Amino acid sequence: MAEPGYPFRCRGATILRRQWVEVKLPAASVRCVSAPAVSAAESRRRVRRTLVYTVAGLLLLLAIVLASARVGERAGRLSDWQAFVLGVTQGLTELLPISSSGHLILVPWLADWHYLEAHPDFNKTFDVALHLGTLVAVVAYFWSDIVAYVRAWFRSIARRSIRSEDERVAWWILAASIPAAVVGALGESTIERHLGQPWQIAIFLAVFGVLLWVADRLPQERRIGDLGFWPAFAVGLSQILALMPGVSRSGITITTGRFLRLDRDAAARFAFLLLIPIVFGAVLFKGVKDVVLHPLPAGSAGPFLVGTLAAAGVGLIAIDLLLGYVRRHDYSVFVIYRLSVAAAIVLVIASGWRAATF
């Protein structure tokens with residue numbers, strides 16, 4: 001009798017047995033499902049694309065209306081339109097494997113915006129707002145998954161045993177969240193201060209882009225539930241590298257997942273699911289430290305709101321586009337983009353248009 005939710009292998013592919021049912025069929029009638037096929041747990045938790053794009057469109061429209069009206073904006077400070085551009089940048093780059101922290105440095109560097117650089121207190125609180133936007137996007141998109149995994153985790157605690165795939169995945173997420181949470185709380189600002197220059201970002205974009213390409217050449221053999229505790233912990237350890245601007249949190253998670261032979265869809269999903277506890281912890285920690293315990297800088301309300309809405313709206317679209325894309329393609333397009341941006345940074349610096357430091 002089959003154990004519920006557990007797959008068995010069929011000539012390098014995966015077949016999912018129905019729960020507590022043993023079916024005997026002629027060999028010719030059995031169709032193997034390739035490794036990238038969505039697991040039973042994931043297939044029952046689909047998000048309607050029309051709802052995703054409707055909500056995303058409304059959030060972006062509201063952000064544009066507020067920016068056009070210059071709500072809460074003050075002369076000489078970060079403008080609402082600048083906040084909108086940075087929110088769109090955050091929404092795209094936090095969720096695609098191309099580095100949000102790197103792009104949030106590069107965009108002001110290229111546009112010659114120096115307000116955030118010259119006002120670190122404002123920069124810290126604005127960073128909280130942008131990450132809150134992408135956190136909202138991921139939580140909204142994966143809400144049913146989050147509820148299922150939280151319930152599964154508490155079930156496993158109450159039972160003192162792990163039985164289902166959802167319970168395993170819940171523990172893998174916890175295992176992978178611990179290393180980055182500890183190191184991020186201790187030294188994120190120090191790392192970004194020493195490794196956040198444009199020329200350094202170019203190096204990290206290129207090097208970790210090549211690593212992503214190498215990892216993505218490996219076979220697709222595993223789903224998230226197949227990982228195991230220590231491989232999941234290894235994925236979490238790799239996230240520490242994402243504290244260096246240009247590496248990319250989702251990028252290094254996907255790269256490590258592909259080295260562990262997760263299929264492309266599973267690697268992307270695991271990256272998004274890991275973002276939730278890490279970013280939630282960062283938003284909570286920074287929110288208390290930089291927002292609750294200190295008054296918001298004057299002229300911050302408008303840019304904060306616009307940036308958060310833009311990041312949330314674009315983030316929803318980025319998640320759906322990436323998951324849809326990697327079900328049919330590999331990650332080469334993101335590797336090419338990373339190498340192209342790295343080359344462009346070198347050309348900009350070599351031409352003298354912008355300095356190598358910011």
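Treat the numbers as computed from the prediction; the structure is a model and nothing was measured.
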Practice prompt. Give every residue pair that meets the salt bridge (charged side-chain N to carboxylate O under 4.0 Å, His left out) criterion with at least one member in residues 95-107, sequence neighbours excluded.
Written response: none
Worksheet item: Would you say Leu237 and Ile240 make side-chain contact, with heavy atoms under 4.5 Å?
Response: yes
Worksheet item: Tell me the ring-ring contact (aromatic ring centres under 6.0 Å, His included) pairs involving residues 86-108, sequence neighbours left out?
Response: His103-Tyr337
Worksheet item: Ser99 side chain to Gly246 main-chain N or O, any donor-acceptor pair under 3.5 Å?
Response: yes
Worksheet item: Are any side-chain N or O atoms of Arg222 and backbone N or O atoms of Arg261, one a donor and one an acceptor, separated by less than 3.5 Å?
Response: no
Discussion item. With rounding to the nearest 0.5 angstrom, report the CD1 to CG distance, Ile98 to Leu205.
Written reply: 9.0 Å
Response to the item:
Closest non-hydrogen atoms of Trp109 and Thr357, given as atom of the first, atom of the second and distance, are NE1-O, 4.0 Å
Discussion item. Is there a side-chain contact between Leu174 and Trp171 in this structure, where contact means two heavy atoms from C-beta onward sitting under 4.5 Å apart?
Written reply: yes
Practice prompt. Answer yes or no: is there a donor N or O on one side and an acceptor on the other, between the side chain of Gln200 and the main chain of Gly196, under 3.5 Å?
Written response: yes
Fill in: Partners passing side chain to side chain donor-acceptor pair (under 3.5 Å) against Arg354 (at least two apart in sequence or in another chain)
none
Practice prompt. Check whether any side-chain N or O of Thr134 sits under 3.5 Å from a backbone N or O of His131 as a donor-acceptor pair, and report yes or no.
Written response: yes
Practice prompt. Could you pull out the closest heavy-atom pair between Ala137 and Leu316, with the gap in Å?
Written response: O-CD2, 3.5 Å
Item to complete: Could you tell me which residues satisfy salt bridge (Lys or Arg N to Asp or Glu O under 4.0 Å) with Arg159, sequence neighbours excluded, listed by chain and number?
Response: Glu167
Worksheet, complete the sentence: Residue set satisfying salt bridge (Lys or Arg N to Asp or Glu O under 4.0 Å) with Arg70, at least two apart, ordered chain then number -> Glu73
Discussion item. Any carboxylate oxygen within less than 4.0 angstrom of a Lys/Arg side-chain nitrogen, looking at Asp265 and Arg223?
Written reply: yes
Worksheet item: Can you tell if the side chain of Phe270 reaches within under 4.5 Å of the side chain of Leu227, non-hydrogen atoms only?
Response: yes
Discussion item. According to side chain to side chain donor-acceptor pair (under 3.5 Å), who are the partners of Thr89, at least two apart in sequence or on a separate chain?
Written reply: none
Worksheet item: Please, which pairs that meet salt bridge (charged side-chain N to carboxylate O under 4.0 Å, His left out) have at least one residue in residues 81-108, sequence neighbours excluded?
Response: Glu94-Arg249
Worksheet item: Distance-only, no hydrogens or angles: does the Arg168 side chain make a donor-acceptor pair with backbone N or O of Gly225 under 3.5 Å?
Response: yes
Worksheet item: Within the distance-only criterion (no hydrogens, no angle test), does the side chain of Asp263 pair as donor or acceptor with the backbone N or O of Glu221 below 3.5 angstrom?
Response: no
Worksheet item: If you round to the nearest 0.5 Å, how far is OG of Ser177 from CD1 of Ile276?
Response: 9.5 Å
Worksheet entry | Under the salt bridge (Lys or Arg N to Asp or Glu O under 4.0 Å) test, residues paired with Arg338 that sit two or more places apart | none
Fill in: By side-chain contact (heavy atoms from CB on, under 4.5 Å) - contacts of Tyr53 (at least two apart)
Arg49, Ile317, Asp320, Leu321
Practice prompt. May I ask you to decide if Gly324's main-chain N or O and Arg328's side chain share a donor-acceptor pair within less than 3.5 Å?
Written response: yes
Discussion item. Around atom CZ of Phe154, are there more than 12 heavy atoms from other residues, nucleotides or ligands closer than 6.0 Å?
Written reply: no
Fill in: Spatial distance of atom CD (Gln239) from atom OG (Ser248) [nearest 0.5 Å]
10.0 Å
Worksheet item: Looking at side-chain heavy atoms only, is the closest gap between Asn123 and His119 below 4.5 Å?
Response: no
Worksheet item: Going by the salt bridge (charged side-chain N to carboxylate O under 4.0 Å, His left out) test, which pairs reach into residues 98-116, not counting sequence neighbours?
Response: none
Worksheet item: At what distance, to the nearest 0.5 angstrom, does CG of Asp127 lie from CG of Leu132?
Response: 11.0 Å
Worksheet, complete the sentence: The reported gap from CG in Leu116 to CG in Leu86 (rounded to nearest 0.5 angstrom) is 6.5 Å
Worksheet item: Do Phe304 and Phe122 have their ring centres less than 6.0 Å from each other?
Response: yes
Worksheet, complete the sentence: Separation between CG (Leu273) and OH (Tyr149), nearest 0.5 Å, reads 6.0 Å
Discussion item. Under the rule for salt bridge (Lys or Arg N to Asp or Glu O under 4.0 Å), what residues qualify as partners of Arg217, not counting sequence neighbours?
Written reply: Asp330
Item to complete: Answer yes or no: is there a side-chain heavy-atom contact under 4.5 Å between Leu323 and Phe272?
Response: yes
Worksheet item: Taking only residues two or more places apart in sequence or in another chain, which ones pass side chain to side chain donor-acceptor pair (under 3.5 Å) with Thr308?
Response: none
